[in-house]
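Letters A, B, ... mirror the listed sequences (proteins, then strands); counts begin at 1.
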Number of protein chains: 2
Amino acid sequence: MALTDTKQAVMMAARSMVQSRGYNSLSYRDLGKEVGIKSSSIHYYFPSKGNLGAALTHEYTDDFLSYLNEMLAASPNWKHSINSYADVFRATLVRDNRMCLGGIMAAEHTDLDVEIRNEVERFTELLVQWLTGVLQQGNQEMDSTTLKKWAFGIFAAIEGAQLVARGCGDVAVYDHILDAYRTAGLLP
Amino acid sequence: MALTDTKQAVMMAARSMVQSRGYNSLSYRDLGKEVGIKSSSIHYYFPSKGNLGAALTHEYTDDFLSYLNEMLAASPNWKHSINSYADVFRATLVRDNRMCLGGIMAAEHTDLDVEIRNEVERFTELLVQWLTGVLQQGNQEMDSTTLKKWAFGIFAAIEGAQLVARGCGDVAVYDHILDAYRTAGLLP
DNA sequence: ACCTGAACACCGTTCAAGT
DNA sequence: ACCTGAACACCGTTCAAGT
């Protein structure tokens, strides 16, 4: 067993809870029950809830990017990469109607500590940067400003599709919305 | 003074609070302080928080649609109507980084009572229906399935743009994303 | 180093009691 | 008809106390 076993268990449980019920609904007592320790013990690892939320978002961003980059290495072309990106958000939705951590945190923005807000911005920046890189592969004639805006557009549109489909509790809604994005030309 | 003065005051305060901090962060005690009564008194008007949330979303939907239809009557063409629609979401963002009630509720979906979930779906359906009607004005050659998907796409994309811009705490992000939507052809 | 129980001010909700 | 205070089980957080 690694030294940080309990800490990692707390983070894993917390991530899953936030993705399905949101950060505000995350309870140290529920978290303690899940992991098998008392709520006061969690404060040993994460002094405050804001601290936990920030660590959570940071790790989530890193894991997400690692996954995307692994996928990129095996991807035949940029169009395939963008579609795989969209599939990740679809899969999250299928798994218990969960949401992207960055998206659900953005919705709760006003209540968040500054440390979490910074991590949400980092998540956004790094994913948009990844998308920009992919778009550039197949559109080298485009200037960087247009590419970055396009990447931002795809990022926001996918977040929105997930949000709305989740609100309807229906993955088919996600698929219909993505059809529209493709027809319009926002997605390849 | 109307008979339902207090009730309306509760709803107005609650709507504004939810749009800025979310439904989960809405507190009956804070609400009571705002209106000038005790938290237990609010239960006289709204037996449960779910009840209040549902009433809130229902009224929000009706008000939103009334506004959109008034705007429609004064609008020169469908493209102008769609852009005005996008401006409403922009204005909400500018006013204290607020969010669309339907969007923020969708993010908190898992925690919501069924009565609220139904109202969130009603909001989505009616707004998409409104958008479909507007799109039809200028695209009569399109079949109704394509039109409805397009409307759904616009609805989700705007919600997403608002969500992401809110997460960044920057209206300029909203503008950039909408530029991308227009360049791609998702928005006219 | 890691965990606990008790205490604090919060939360939605209930209910008997007031006017 | 409308409002209140007290009580209930919840919440994050603190802290002295255990091992």
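Side-chain atoms of A:His176 and B:Phe152, non-hydrogen and from C-beta on, never get closer than 4.5 Å to each other.
Atom OH in B:Tyr28 sits roughly 23 Å away from atom P in D:dA7 (whole-Å rounding). If you measure from atom NZ of B:Lys38 to atom C1' of C:dT19, you get 17 Å, rounded to the nearest angstrom. Atom NZ in B:Lys49 sits roughly 14 Å away from atom P in C:dT14 (whole-Å rounding). One atom, CZ of A:Phe46, and another, C1' of D:dT14, lie 18 Å apart when rounded to the nearest Å. Going from atom NE2 of A:His43 over to atom C1' of C:dG5 covers 13 Å, rounded to whole Å. If you take CG of B:Asp111 and P of C:dC11, they are 17 Å apart, rounded to a whole angstrom. In this entry the distance linking CG of A:Asn51 with P of D:dG12 reads 14 Å, nearest Å. Regarding B:Ile42, its CD1 atom lies at a distance of 15 Å from the C1' atom of C:dT14, rounded to whole Å.
Side chain of B:Tyr174 to backbone of B:Leu93: no donor-acceptor contact under 3.5 angstrom is found.
Shown here is A:Met12, whose CE atom has no more than 12 heavy atoms of other residues, nucleotides or ligands within 6.0 Å.
For the 3.5 Å distance criterion, the side chains of B:Arg166 and A:Thr110 qualify, holding a donor opposite an acceptor. In the model, B:Arg98 has a side-chain atom that pairs as donor or acceptor with a side-chain atom of B:Ser16 under 3.5 Å. Counted by atom type alone, A:Thr146 and A:Asp143 present one or more donor-acceptor pairs between their side chains at under 3.5 Å.
Within the 4.0 angstrom heavy-atom criterion, only backbone atoms of the sugar-phosphate kind lie near B:Leu26; the bases stay farther away. Nucleic acid contact for B:Tyr44: base, since at least one base atom lies under 4.0 Å from a heavy atom of the residue. Backbone-only engagement by A:Ser27 is indicated by non-hydrogen atom pairs under 4.0 Å involving sugar-phosphate atoms exclusively. Looking at heavy-atom distances under 4.0 Å, A:Asp30 makes contact with sugar-phosphate atoms alone, never a base.
Annotation: cation-pi pair B:Lys7/B:Tyr44 absent, no NZ/CZ under 6.0 Å from the ring centroid and within 45° of its normal.
Among C:dC2, D:dG12, D:dT4, the nucleotide with an atom closest to any side-chain atom of A:Tyr45 is C:dC2. Of the candidates C:dC15, C:dG12, D:dT13, C:dC15 carries the atom nearest the B:Ser40 side chain, counting heavy atoms from C-beta on. Here D:dC3 is the nucleotide among C:dG5, D:dC3, D:dA6 with the atom lying nearest to any side-chain atom of B:Ile37.
Sequence order on DNA chain D of the closest nucleotides to A:Asn24 and B:Arg29 puts B:Arg29 first from the 5' end.
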In dot-bracket form, how is DNA chain C paired, counting a Watson-Crick or G-U wobble pair only if both its distances are under 3.5 Å and using | for bases paired to another strand?
||.|||||...|||||.||

